[in-house]
Number of protein chains: 2
Amino acid sequence: MDRSSFLQLPFLRDLNETTAVALLANVKQRSPRKWTTLIKEGEFPDFLHIIVDGFVELFSSHNDKEVTFEIAEPASPLFLTAVMCGGVSVYSARTITPSRILMIPAQDVRDLCKRDPLFAQTIINRIADGYNRSLRDIKNIRLCSNFERAANWILQTGRSQDNNGRIELKFGKAKLAALLGMPPETLSRSFALLREHGVRSFGRTIIIENMFALAKMCHAKKTL
Amino acid sequence: MDRSSFLQLPFLRDLNETTAVALLANVKQRSPRKWTTLIKEGEFPDFLHIIVDGFVELFSSHNDKEVTFEIAEPASPLFLTAVMCGGVSVYSARTITPSRILMIPAQDVRDLCKRDPLFAQTIINRIADGYNRSLRDIKNIRLCSNFERAANWILQTGRSQDNNGRIELKFGKAKLAALLGMPPETLSRSFALLREHGVRSFGRTIIIENMFALAKMCHAKKTL
DNA sequence: CGCACGCTTGATGCTGCTCAATTTGTGTGG
DNA sequence: CCACACAAATTGAGCAGCATCAAGCGTGCG
């Protein structure tokens, strides 16, 4: 994969070309295999990472327990706030699939941000996105039952991946459970209940037989 | 209160003087009484608000239930991300004490951010702070019991307000409960249990008789 | 004096976590 | 291609935390 195709990545695509080229001046690339830890919470990231391919779990540990904040997808920048503030990462990151990742020296990002107000705005937008997402997560945790969170996730994912109500999981159900903040057993039970609402799952494929009914059920309960 | 004293506020203090003066060019001021709603979630804030005096609850509602994200203190900027991204506020805001608030036109903030890289950096730092705080909250919700969250809040607040282990609540216990994400009854029960660990409370005063013991207890359980 | 509000305490039921036992699925080597 | 081993997913039983409903106090204010 070469420079020109990097410029197609959403994060870089939004920048004007000279900015993007400047960012890529000292870019490195790595292709970590599954279960590679990219960084541990409390460490300083030397590079802004951008996922080209694969999925990366962002999580935090305490007393042998883990909390999963997010499963980052291709095109997501990682450690953006830590890089921009010159601080440590507040989460650990590990690949949960084989991945390909761009690495841009932290100093380059900071320098460019200082010189290019448009880039600064892009960065602000990205950080704000993450912030808003985490606030939405808090609201979800507080107001929705496990079952409702699972139902909503399936509904929303089924809508965005518009394969006609068919979802292909990119990772195991256990990771989905972690993302939704519950143990695998509980997610499994939720799936069992959802079967009565027209949701079947075969391995990593989930099929929503009646999207409209599911939407109505979610709304009747509590949709955010 | 006049201009020169505004410049002492932490948010403005970090800026160089010309920047701060520019920000204050079109500043307005209001002094809402208790229980005034400043904005409702989904609305566009026309002004960046900065609390001079008083406390403001940031919350979100759904189906007659509320989630409190934060109780903002004097010097906190409100709606910063919405203003910078030109989007809507994702939370509602209401005063929970009589307050005094500065209002800076949103467009002024955006313009200045574009012209002044240092100001842009300050904004990034602020948004990142909020982001990190919300991630810490998620971790707390997921890993700590209600009792533990209450104990940790008292410990940390007792340390920062270093009145020698004496805490003066600026609002009722019910709001503290909301901030910690539990009903008032549960907070009350937590206080009852904490009495056995040397924490007394009289009205809005909380006294930690043995800070060290409390810290040890928190650590034995799970401190974040 | 009495009403309202904030806080506490008690009793009850539900949600969801934990532990444990199967069952299903997957990949490997004979 | 089958047999086996291992991991992933499901199902069941029991229990703890916590929300909810409801009642009892104390304090302040009209």
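Because only heavy atoms are used, hydrogens play no part in the values below, and waters and symmetry mates are left out as well, while side chains stay in. Not measured: the values here are computed from a predicted model. We name chains A, B, ... by the order of the sequence lines, and we start the count at 1 in each one.
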Between CG of B:L176 and C1' of C:dC7 the distance, given in whole Å, is 13 Å

Pi-cation contact, A:F191 with A:K173 (under 6.0 Å, within 45°) | yes

* Asked: Between B:R149 and B:N152, does any side-chain donor sit less than 3.5 Å from a side-chain acceptor?
  -> no

Comparing nearest nucleotides in DNA chain C, the 5'-proximal residue of the pair A:E185, A:N146 is A:N146

Between CG of B:L194 and P of C:dT9 the distance, given in whole Å, is 13 Å

Its 5'-most and 3'-most nucleotides having an atom under 4.0 Å from a non-hydrogen atom of chain A, DNA chain D is contacted over D:dA9 to D:dA13

>> Over 60° means perpendicular and under 30° means parallel, so tell me whether B:F147 and B:H197 are parallel, tilted or perpendicular.
In response: tilted

Looking for any heavy atom pair under 4.0 Å, which part of the strands does B:R142 touch: base, sugar-phosphate only, or nothing?
nothing

A:F171 CZ to C:dT26 P, in whole Å, measures 17 Å

Separation of C:dT18 atom C1' from A:D64 atom CG, nearest Å, is 16 Å

key: Ion pair A:E66/A:R94, N-O distance below 4.0 Å   = yes

Rounded to whole Å, the CZ-P distance (A:R189 to C:dC14) equals 17 Å

Next item on the list: Compare side-chain N and O positions of B:K173 against OP1 and OP2 of C:dT8 and report whether any pair is under 4.0 Å apart.
Entry: yes

NA contact type, B:R195, heavy-atom cut-off 4.0 Å: base, sugar-phosphate, or nothing? sugar-phosphate

Rounded to whole Å, CZ of A:F202 lies from C1' of C:dT26 at a distance of 18 Å

B:F191 atom CZ is separated from C:dT9 atom C1', nearest whole Å, by 16 Å

From the list B:T81, B:V90, B:L135, B:D129, side chain to side chain contact (heavy atoms under 4.5 Å, CB included) with A:Y131 holds only for B:T81

Of B:M182 and A:R204, the one whose closest nucleotide on DNA chain D sits nearer the 5' end is A:R204

>> Less than 3.5 Å apart, any donor N or O on the side chain of A:S89 or A:E41 sitting next to an acceptor on the other?
In response: no

Would you call B:R133-B:E70 a salt bridge at under 4.0 Å N-O?
yes

